[in-house]
Amino acid sequence: MNDRDIFNEVFKNYGGIIDVHDLGKDWQIFETIFERVLKQIKSAYPNAPDIYINFIKSLRLNAAVSIKEEKYYIGINIGLYFIFIDVFKKILCNKKLYTNLGDNSKESELKSTINVLIDNGCVCYYHDKLNYKDPIDKERTLYAGCFTMMAIQFIIYHEVCHIIHGHVKYKFNNLKNSNCWDEIPELMNFDLLENSFDQSLEIDCDSFATLSYFRKFSSLVKDTDKQPSVFNLIFKDGKSFLKCWIYTIYPMFRILGYHPDWTVYKKQSHPPPIIRFSNSFRILLGLLIKDGYLDDDFDLFEDAHKYILEAEIAFSEVTYHEFDVKIIIDIQTKNDEYVDFLWDVLKESFNILSPFSYLKKE
């Protein structure tokens with residue numbers, strides 16, 4: 001069987017393959033994205049195994065990874081694309097949101113909500129052509145597309161980390177009845193392991209995805225000839241990148257929910273979404289400062305938290321979630337202790353994961 005057939009087989013219970021080749025010319029950009037991500041990963045991690053990426057025919061907000069005969073398969077639910085493009089288009093159709101992008105004066109003040117529903121605990125996209133909108137300003141339409149691609153690439157980087165750091169192979173070797181790593185907590189079937197262990201692996205992957213995106217930025221900003229034209233506005237300097245990264249990644253995590261009682265997350269396989277964002281944000285900020293793309297001063301932190309506030313307001317405007325300033329406070333105050341504990345768990349697990357890792361052995 002070829003990769004397409006194997007992909008369809010391993011993800012058949014998720015909906016099977018919807019091949020990017022069959023989706024038309026407008027979708028060919030994803031082939032390029034998949035190829036560039038894998039090329040970047042292979043360059044940074046020469047021992048990385050063969051990986052095949054494609055779409056799963058499902059409208060749920062989800063992604064999954066599997067292994068068959070030493071080759072890995074990453075499946076991105078097609079619904080993930082539709083949800084993200086809907087989120088960012090609805091935000092950028094509103095003249096009151098993300099006002100520093102493009103010409104917001106052309107847009108409407110009318111509030112419109114995204115086309116999602118909850119199905120068995122999972123976020124799903126549903127098509128409503130009467131509630132479909134594109135920003136009027138072409139530049140804001142461009143941003144919506146770029147943010148969608150950035151969110152999808154972040155998720156691919158995250159899944160790649162599960163492979164390279166040995167998470168997938170370790171779990172599949174220890175849980176013979178499991179053949180897919182599912183990113184939706186309600187569907188995870190790895191209950192034999194402590195949740196703190198599962199959560200530490202997710203923090204590891206978010207951190208890897210953030211580092212990979214920083215490397216992508218660093219490569220593009222230093223060589224303008226390499227910049228795809230659609231990303232010029234985002235990757236032109238450190239401040240632009242940080243702003244657009246927050247505008248993208250915050251809603252991506254925020255759509256996974258928020259609960260003010262943090263004890264409920266102890267029974268989940270994934271850390272609280274806001275903690276995941278906060279951890280990634282602080283890593284990116286540190287990298288940008290360390291490499292001289294941003295100055296370490298009060299104005300920087302003030303601007304960064306303003307962007308986070310704008311992203312929370314924007315998300316609340318296009319969903320049924322009410323704006324909650326407590327979320328912003330949690331980002332500022334609850335990150336360190338929670339994440340430090342998960343990093344300690346991960347460090348303690350290094351010896352059991354190392355034999356399954358594809359990192360270069362010293």
Side-chain angles (χ1 to χ4, degrees), residues 10-11 13-15 56 58 60-67 72-77 79-80 83 118-124 151 154-210 249 252-280 330 334-335 337-350 352-353 356-357:
V10 298
F11 295 123
N13 292 334
Y14 292 73
I56 295 173
S58 170
R60 288 187 171 186
L61 181 71
N62 197 12
V65 60
S66 187
I67 179 174
Y72 291 84
Y73 296 84
I74 295 175
I76 307 296
N77 280 15
L80 188 146
I83 290 171
I118 305 299
D119 178 21
N120 292 325
C122 298
V123 179
C124 297
F154 186 95
I155 290 169
I156 293 173
Y157 286 137
H158 178 104
E159 300 305 318
V160 166
C161 180
H162 280 312
I163 295 170
I164 291 179
H165 285 193
H167 307 166
V168 175
K169 203 167 187 180
Y170 168 76
K171 283 204 168 184
F172 290 177
N173 276 23
N174 285 273
L175 296 167
K176 302 297 185 182
N177 61 328
S178 301
N179 64 351
C180 286
W181 182 301
D182 196 316
E183 283 299 329
I184 297 297
E186 288 80 2
L187 301 181
M188 295 288 279
N189 55 2
F190 301 131
D191 296 333
L192 296 178
L193 296 171
E194 291 292 332
N195 284 339
S196 59
F197 177 78
D198 287 341
Q199 291 195 15
S200 74
L201 301 186
E202 299 304 327
I203 284 291
D204 187 23
C205 292
D206 290 340
S207 303
F208 178 95
T210 304
I249 303 303
M252 185 195 77
F253 279 122
R254 185 69 175 83
I255 203 168
L256 298 176
Y258 169 78
H259 198 291
D261 179 7
W262 289 61
T263 61
V264 303
Y265 291 104
K266 292 181 179 180
K267 297 181 180 180
Q268 302 258 341
S269 59
H270 288 51
I274 293 302
I275 282 291
R276 295 177 65 185
F277 167 79
S278 181
N279 174 66
S280 295
D330 282 352
K334 287 193 174 181
N335 176 77
E337 183 178 351
Y338 200 110
V339 172
D340 287 348
F341 166 71
L342 293 180
W343 278 116
D344 287 341
V345 172
L346 189 65
K347 289 175 185 176
E348 293 172 1
S349 307
F350 177 78
I352 64 171
L353 291 171
F356 304 96
S357 168

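For the numbers below, each heavy atom of this structure counts, side chains included, while hydrogens, waters and symmetry mates do not.
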Quick check for you: to the nearest 0.5 Å, what is the distance between [X] atom [atom1] and [Y] atom [atom2]?
X: His162; Y: Asp204; atom1: NE2; atom2: CG; result: 8.5 Å
X: Ile74; Y: Ile156; atom1: CD1; atom2: CD1; result: 7.0 Å
X: Glu159; Y: Phe154; atom1: CD; atom2: CZ; result: 11.0 Å
X: Asn77; Y: Phe11; atom1: CG; atom2: CZ; result: 9.5 Å
X: Phe253; Y: Ser278; atom1: CZ; atom2: OG; result: 10.5 Å

Holding to side-chain contact (heavy atoms from CB on, under 4.5 Å), I want the full list of residues that pass it with Phe341, two or more places apart in sequence or in another chain.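 Scan of Phe341 (side-chain contact (heavy atoms from CB on, under 4.5 Å), adjacent residues dropped) gives Ser196, Val345.
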
Which atom pair, heavy atoms only, marks the closest approach of [X] to [Y]?
X: Met252; Y: Ala151; answer: SD-O, 3.8 Å
X: His270; Y: Gln199; answer: O-NE2, 3.5 Å
X: Ile155; Y: Leu80; answer: CD1-CD1, 3.5 Å
X: Gly166; Y: Leu353; answer: O-CD2, 4.2 Å
X: Ile275; Y: Val339; answer: CG2-CG2, 3.7 Å
X: Glu202; Y: Ser269; answer: CG-O, 4.0 Å

Would you say [X] and [Y] make side-chain contact, with heavy atoms under 4.5 Å?
X: Pro272; Y: Tyr338; result: yes
X: Phe356; Y: Phe172; result: no
X: Ile163; Y: Lys169; result: no
X: Leu346; Y: Ile203; result: no

Qualifying residues under side-chain hydrogen bond (donor to acceptor under 3.5 Å, both in side chains), relative to [X], sequence neighbours excluded:
X: Asp206; value: His158, Arg276
X: Ser280; value: Thr210
X: Ser207; value: Asn279

Mark yes or no for whether Ser200, through its side chain, and Phe197, through its backbone, hold a donor-acceptor pair below 3.5 Å.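 Flag set: sc Ser200 to bb Phe197 pair under 3.5 Å.
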
Using modelled atom types only, decide if a donor and an acceptor are shared between the side chain of Ser66 and the backbone of Tyr72 within a distance under 3.5 Å.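 Absent.
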
Residues that Phe208 engages under ring-ring contact (aromatic ring centres under 6.0 Å, His included), provided they are two or more places apart: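 Once residues adjacent in sequence are excluded, the partners of Phe208 under the ring-ring contact (aromatic ring centres under 6.0 Å, His included) criterion are Tyr45, His165.
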
